[in-house]
Protein chains: 2
Amino acid sequence: MSEGVEWALHGCLNLAWAEEGEDARAVPAAVLARMYELPPAYLNKQLQALARAGIVGSTSGPRGGFRLARSPREITLLDVVVAIEGADEAFRCTGILGQGPDGDPSVDYRKTCVISQTMRRAELRWRRELAGQTLADIMTTVRERFPAVPGETRDRLANLRP
Amino acid sequence: MSEGVEWALHGCLNLAWAEEGEDARAVPAAVLARMYELPPAYLNKQLQALARAGIVGSTSGPRGGFRLARSPREITLLDVVVAIEGADEAFRCTGILGQGPDGDPSVDYRKTCVISQTMRRAELRWRRELAGQTLADIMTTVRERFPAVPGETRDRLANLRP
DNA sequence: GATCTTCTACTCGGATAAAATCTGTCCGAGTTCAGTAGG
DNA sequence: CCTACTGAACTCGGACAGATTTTATCCGAGTAGAAGATC
């Protein structure tokens, strides 16, 4: 899995904290990058993927940057992962059963192949878990365990502006 | 996920069918490769990984090849996946929380980071599912749905020998 | 003082390169078996 | 006839290239705001 997934998740979380502040300004990619000492241009690229997926909105120019495009309650972790990694399943069943000399091209082996089914079921469990966790859920848990984090994050974001 | 996982899973299943036959000979990689028209040397490479993991045993020379190293009941799909893909988690949490200017190196953020925990829990679901399915389970299901497959497979393996 | 224009600085967005990984290939080490010579 | 020896074919195992994906960088298009000139 691409490392950008972690960046994107933390980025969204930070955008969510920022959104809660009084002066909710858009956050430039460079500010998020400074927060974790990440390559700014590359982080920007990942955020572009989030923008294409409709998870964040982007604005150019001064006072521009990224902000969440919808409520944290309507952003699941799966949404973010899919936006970065793509929607393809990790286990690519090429249907090798049909490739052999005795293979029947008219059969869809992804449906009948028991191995494929089992792998897909496991992957479905993973997806379900991620689809069941929204950004809002994460925020609630963080607030319970570390009440200071939201405020601190907003402060850091403000201080990291140029 | 590497495509070799699919090859390895089907390879193990075929080895399991072969093991049930009367004249249980080791199966060369070349024979398995012909079955699905795969590059023989590369498939051999994947089987080597299975051998290193102790899932299959290998024998050199004439009448050599691969065979299951233990009972299908004691081989889980997770074993095979880990043997090919490695034991690393898909979501690599680099603990970026600790990398920023305000990060505390003494804290293990993989333990405290809520995002990391959630991602790991999802991945755990995936692993549990795969760990709960043994090669024997797959064989049972296949036999229920396609009773002819075991015999046909043994025949095909025999016919594909040089 | 208000307004319009110009100008600069800032931000995203996609095109472009370097690095790492996955995929595929090749040849050597070791082993089994068949054939052969000798007792 | 039985045994030991030689040789050859077969198989795995790891070292060696090619292709694809991931990671990282750079520069241009567009925009908001500030400064300055004009009315």
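These numbers come from a predicted model, not from an experiment. Proteins come first, then strands; the chains are lettered A, B, ... in the order of their sequence lines, and each starts at number 1.
A salt bridge between B:Glu123 and B:Arg127 is present, with a side-chain N of the basic residue lying under 4.0 Å from a carboxylate O of the acidic one. The pair B:Arg143-B:Glu20 meets the salt-bridge criterion, since a charged nitrogen lies less than 4.0 angstrom from a carboxylate oxygen. With salt bridges taken as basic N to acidic carboxylate O contacts below 4.0 Å, none links A:Asp23 and A:Arg25.
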Please enumerate all protein N or O atoms sitting under 3.5 Å from an N or O of nucleotides 30-32 of chain C, with distances to 0.1 Å.
| unit_1 | atom_1 | unit_2 | atom_2 | d |
| --- | --- | --- | --- | --- |
| C:dG30 | N2 | B:Gly61 | N | 3.3 |

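No donor-acceptor pair closer than 3.5 Å links the side chain of A:Arg154 to the backbone N or O of A:Glu22. Looking at B:Gln117, its side chain does come within 3.5 Å of a backbone N or O of B:Lys111 through a donor-acceptor pair. Remark: the backbone N or O of A:Asp137 is paired with a side-chain donor or acceptor of A:Thr141 at under 3.5 angstrom. At least one donor-acceptor pair closer than 3.5 Å links the side chain of A:Arg34 to the backbone N or O of A:Leu160. Using a distance-only test at 3.5 Å, with no hydrogens or angles considered, no donor-acceptor pair links the side chain of B:Glu129 to the main chain of A:Arg121. Between the side chain of B:Glu89 and the backbone N or O of B:Arg120 there is no donor-acceptor pair closer than 3.5 Å.
A:Ile55 CD1 to A:Leu68 CG: the interatomic distance, rounded to the nearest 0.5 Å, is 9.5 Å.
No engagement by B:Arg67 is indicated, since no non-hydrogen atom pair under 4.0 Å with the nucleic acid exists. Residue contacts for B:Ala30: at a heavy-atom cut-off of 4.0 Å it reaches no nucleic acid atom on any strand shown.
In the hydrophobic cluster analysis, where Ile, Leu, Val, Met, Phe, Trp and Tyr join through side-chain heavy atoms closer than 4.5 angstrom, A:Leu77 is grouped apart from B:Leu124.
Here side chain to side chain donor-acceptor pair (under 3.5 Å) pairs that include residues 4-19 of chain A, with residues two or more places apart or in two chains, are A:Glu6-B:Thr94, A:Asn14-A:Tyr36.
For the pair B:Ala29 and A:Pro40, both in contact range of DNA chain D, the more 5′-proximal nearest nucleotide belongs to B:Ala29. DNA chain D is contacted by both B:Gly64 and A:Ser2; B:Gly64 maps to the nucleotide lying nearer its 5′ end (nearest heavy atom per residue).
Only A:Ala41, A:Tyr42, A:Lys45, listed by number, bring a heavy atom of residues 41-55 of chain A to less than 4.0 angstrom from any atom of DNA chain D.
By the side chain to side chain contact (heavy atoms under 4.5 Å, CB included) test, B:Thr140 pairs with B:Glu144, sequence neighbours left out.
Nucleotides of DNA chain D with any atom under 4.0 Å from a heavy atom of chain A span, from 5' to 3', D:dT23 to D:dG33.
For the helix from C:dG1-D:dC39 to C:dG39-D:dC1, the terminal axes (five pairs an end, C1' atoms, rotation from four pairs onto the next four) enclose an angle of 0°, given to 10 degrees.
For the pair A:Arg25 and C:dT11, the criterion of a side-chain N or O lying under 4.0 Å from OP1 or OP2 is not met.
Separating the CZ atom of A:Arg161 from the C1' atom of C:dC10 is a distance of 12 Å, rounded to the nearest angstrom.
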